[in-house]
Number of protein chains: 2
Amino acid sequence: MTNGVPSQREVGSSSPAPRNRPTMDDVASQAGVSRTLVSLVLRGKPGAGAETSKRILRIADELGYRPDSAAQLLARGRSRALGVMMNVDQPFHVDLIKAIYPEAERLGYDVLLSATTPGRDERKAVGALLDHRCEALILLGSSADAAQLERYSAGVPTVLVGRRLAGAMLDSVHTAEGKGVRQAVDYLVELGHRRIVHIDGDRESGSVDRRRAYRTAMRRHKLDEFIRVIPGHHTEDAGIDAGQLLLGEDDLPTAVLAGNDRCAFGLIHSLSRGGVDVPGQVSVVGYDDSHLSHLSQLDLTTVRQDADRIGTYAVRSAVERLEQGGLDSREVVLDSKLVVRGTTGPPRAEH
Amino acid sequence: MTNGVPSQREVGSSSPAPRNRPTMDDVASQAGVSRTLVSLVLRGKPGAGAETSKRILRIADELGYRPDSAAQLLARGRSRALGVMMNVDQPFHVDLIKAIYPEAERLGYDVLLSATTPGRDERKAVGALLDHRCEALILLGSSADAAQLERYSAGVPTVLVGRRLAGAMLDSVHTAEGKGVRQAVDYLVELGHRRIVHIDGDRESGSVDRRRAYRTAMRRHKLDEFIRVIPGHHTEDAGIDAGQLLLGEDDLPTAVLAGNDRCAFGLIHSLSRGGVDVPGQVSVVGYDDSHLSHLSQLDLTTVRQDADRIGTYAVRSAVERLEQGGLDSREVVLDSKLVVRGTTGPPRAEH
DNA sequence: CCACAACACTGAAGCGCGTTAGTAGAGCGC
DNA sequence: GCGCTCTACTAACGCGCTTCAGTGTTGTGG
């Protein structure tokens, strides 16, 4: 059994289970009442006698009855479900999810998760959510174009998380990317850095703003001539590639602003392998403060986004829009700030 | 706008959108045919004329019609959806998800994701899946007890991933934990290690087997007296705690077998901070080979589980059970093997 | 010219529930 | 005894879809 066909063994035989899930009618007939009454009792509406109520509840429990959400949806015309699209290997999205669940539950909504993966693009992921009649869409790190987003938004309230869309007709929640990046640049400049490079995140969420903020901040410090953006992505691989690129050049920058933490990890990895000390020779700053950045010897200096608040506000936006049918699209901008850890330091002495 | 109330600005006004999603009836009346026919055409069943077919398809497209999966489920009595429970911050689960989606799609099934988080336990997560009438359950890293699992399994085919349940009446897919651990121990012993400690994963998936395999392997090498299991979890924090514990003792072991990669990261982190060199003074082995282990200077020696194959087999198990109604519960055991990288080396010379 | 099949299509029932309108009976005041 | 209000309950419709059992029309062979 090296690496060929997996072994399979029979381990007993499962019950010839009935596999029939009980319906409301089952509960009703068991209790000797009408289905309507069961429905009332189960939803806590008034109108049933105390005795009967208790009996119905007991029987429902005994039978293991669970309301069928599909039927509920159909009957009441709404699903009470929020659809959340995430990129399953963006640790920051994971942090967001953790904040989204409790807030949704608090407000009485279900959460439907749909992940993009290599091979499962946004359209598919969102399509799945729509098919299940989510009442609102929360898109984490969408890279869809404006037209596409408008289309979603026309059908169902849509909240864009982690990205801003100029003049769009949909809600968005994101951090003040500009501020975080500016802080990072200010800090590096203060340490004495001038040759500060930025690895960007292509079309991924927040990238545009971070790129622009980087340029602006550099200019404010009169460092126009040192502005340099290396095209990248929000992945470790992109960081590695950027590292290789830099290693192949004559002259390393003294500091790098990565597109996000993952990219920073990859970069540090390849720099270290290339014999370059971080932060001795090159300082590295990440973005997100995903929980990995605190750990391992990485100890990454990064720009913190408050996932809890972002997630919470995203849910609230969606729900408010749903329940108050507000007409104005809203942009929630949360604060972001630099967290200084161990991957940054004064620039090396230039040779 | 430091860290107080987030700024909110109005950014325009959304369309007073109709927000009415088109139904089959809409398509039917537009096309001047019956709903039945629309249903047939949209599902590619024969029985409609070529012209009419084309027209219906065109109109459905123009209207942006999407079948309502709730109604479909109700009507045809099955959801064609697999429910997957995952722990959102277990990177290994993420790898599994990536394999599950395509295989499910290939077999014509939807995937419903439900995450456990701190504050959202397994019951809740599985409950949500059941409410949506998933036809089968795929549980990644469940730590539910046997009784609970039996209960799930009685209602709907259930596949347990990453864990084995002795004599249970449900399918399971996992790696040969024993083999991986044995390889790791063999390797360490071969390098000359004797004081090999194991940090376990409490009740988390695979832990029991790994713990037992560790003990067995140690005994086979006549290292009974060095057997030591430190209670832990599959998290970085547990690794950090274990590291602190070890640092506080007189005598460090020469090698540690962590419960999984995350735990290994935490351990390495705290050892490094404590001035202990890895692998110079202590060798560390992880478990999972989650994609992080290749990266950063960690370069973790670990036991590889083939996420692709595990995910694929999990889906196949569920679907086969669903479609062939097989009666025997089956256990799929996949191979696992040690991947040697940079966190292991010969033991330090004992003082 | 009739029987019969093949084709293109339709009507109606029903999935499990929520909801609206309604009923039957008890209690009460006068 | 009448009208009234309450309480405790039920019948029936419809959500959007699939499916089963047809219906009507055309073509074919004898």
Side-chain angles (χ1 to χ4, degrees), chain A residues 19-57 59-60 63-81 108 110 130-135 155-156, chain B residues 19-57 59-60 63-81 108 110 130-135 155-156:
Chain A
R19 292 268 142 102
N20 296 328
R21 89 187 254 152
T23 77
M24 240 174 181
D25 280 315
D26 298 331
V27 178
S29 66
Q30 271 276 324
V33 295
S34 73
R35 197 175 47 75
T36 309
L37 196 59
V38 176
S39 173
L40 287 178
V41 170
L42 258 39
R43 277 173 305 129
K45 302 273 172 186
E51 278 304 303
T52 325
S53 267
K54 232 179 291 176
R55 184 159 35 96
I56 290 177
L57 254 16
I59 292 178
L63 260 47
Y65 170 78
R66 309 193 63 114
D68 180 333
S69 65
Q72 284 184 318
L73 155 54
L74 222 53
R76 63 163 98 107
R78 49 178 306 193
S79 61
R80 297 203 68 86
D110 256 15
L130 258 21
D131 288 344
H132 286 281
R133 287 254 297 264
C134 288
E135 296 184 37
V156 45
Chain B
R19 290 268 141 101
N20 294 328
R21 86 188 256 153
T23 76
M24 235 171 185
D25 280 316
D26 297 332
V27 178
S29 66
Q30 271 277 325
V33 296
S34 72
R35 203 193 31 205
T36 309
L37 196 59
V38 176
S39 174
L40 288 178
V41 169
L42 258 39
R43 277 174 304 131
K45 302 274 172 186
E51 279 305 304
T52 324
S53 267
K54 231 179 292 177
R55 184 159 35 94
I56 291 176
L57 254 16
I59 292 178
L63 259 48
Y65 170 78
R66 308 193 63 115
D68 179 332
S69 66
Q72 283 184 319
L73 154 55
L74 222 52
R76 59 164 101 110
R78 49 177 308 192
S79 62
R80 299 203 68 86
D110 255 14
L130 257 22
D131 288 344
H132 287 281
R133 288 250 302 260
C134 287
E135 296 185 37
V156 44

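Sequence lines set the chain letters: A, B, ... in the order given, protein chains first and strands last, and positions in each chain run from 1.
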For this session: Give a yes or no on whether the backbone of A:A31 and the side-chain of A:R55 come within a donor-acceptor separation of less than 3.5 Å.
Result: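 Confirmed, A:R55 side chain pairs with A:A31 backbone.
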
[atom1]/[X] to [atom2]/[Y] distance, rounded to the nearest 0.5 angstrom?
{"X": "A:K45", "Y": "A:L40", "atom1": "NZ", "atom2": "CG", "result": "8.5 Å"}
{"X": "B:D68", "Y": "A:S79", "atom1": "CG", "atom2": "OG", "result": "9.5 Å"}
{"X": "A:S53", "Y": "A:L37", "atom1": "OG", "atom2": "CG", "result": "7.0 Å"}

Rounded to the Å, how far apart are [X] [atom1] and [N] [atom2]?
{"X": "B:I56", "N": "C:dA8", "atom1": "CD1", "atom2": "P", "result": "12 Å"}
{"X": "A:D26", "N": "C:dC15", "atom1": "CG", "atom2": "P", "result": "11 Å"}
{"X": "B:D68", "N": "C:dC17", "atom1": "CG", "atom2": "P", "result": "16 Å"}
{"X": "B:L40", "N": "D:dT19", "atom1": "CG", "atom2": "C1'", "result": "9 Å"}
{"X": "B:Y65", "N": "D:dG16", "atom1": "OH", "atom2": "C1'", "result": "7 Å"}
{"X": "A:M24", "N": "C:dC17", "atom1": "CE", "atom2": "P", "result": "6 Å"}
{"X": "B:D25", "N": "D:dT18", "atom1": "CG", "atom2": "P", "result": "12 Å"}
{"X": "A:L74", "N": "D:dG16", "atom1": "CG", "atom2": "P", "result": "7 Å"}

Less than 4.5 Å apart, side chain to side chain, heavy atoms only: is that true for [X] and [Y]?
{"X": "A:Y65", "Y": "A:L42", "result": "yes"}
{"X": "A:R133", "Y": "B:R21", "result": "yes"}
{"X": "A:T23", "Y": "A:D26", "result": "yes"}

Problem set entry | Nearest non-hydrogen partners of A:Q30 and A:L63, listed with the distance |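 Looks like CG-CD2, 4.2 Å.
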
Problem set entry | Minimum heavy-atom distance between A:A48 and A:V41, given as atom pair plus value |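 Smallest interatomic distance, heavy atoms only, reads CB-CG2, 3.6 Å.
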
For this session: Could you check which of D:dG16, D:dT19, C:dT10 has an atom nearest any side-chain atom of B:L37?
Result: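 Closest nucleotide among those given: C:dT10.
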
Exercise. Which of these nucleotides, C:dG16, D:dG16, D:dT10, is closest to any side-chain atom of A:A75?
Worked result: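 Side chain of A:A75 sits closest to C:dG16.
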
Exercise. Checking only heavy atoms, does the side chain of B:R35 share a donor-acceptor pair with the base of D:dT18 at less than 3.5 Å?
Worked result: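 For B:R35, whose side chain was compared with the base of D:dT18, there is a donor-acceptor pair (under 3.5 Å).
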
Should [X] be listed as having a side-chain N or O under 4.0 Å from OP1 or OP2 of [N]?
{"X": "B:R43", "N": "D:dT19", "result": "yes"}
{"X": "B:Q72", "N": "D:dT18", "result": "yes"}
{"X": "A:S34", "N": "D:dC9", "result": "no"}

Exercise. Going by number, which of residues 44-55 of chain A have a non-hydrogen atom under 4.0 Å from DNA chain D?
Worked result: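 Here the set is A:G47, A:A48, A:G49, A:T52.
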
Exercise. Looking across every strand, which nucleic acid part, if any, lies under 4.0 Å from B:T23 by heavy atom: base, sugar-phosphate, or nothing?
Worked result: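 Contact class for B:T23: sugar-phosphate only.
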
For this session: Have a look at A:R133 and say if it touches a base, only the backbone sugar-phosphate, or nothing, with a 4.0 Å heavy-atom cut-off.
Result: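 It contacts sugar-phosphate atoms only.
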
Exercise. Going by atom types only, do B:R35 and B:S39 share a side-chain donor-acceptor pair under 3.5 Å?
Worked result: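 Short answer, no.
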
Show me the protein contacts with nucleotides 21-23 of chain C, counting only N or O atoms at under 3.5 Å.
none

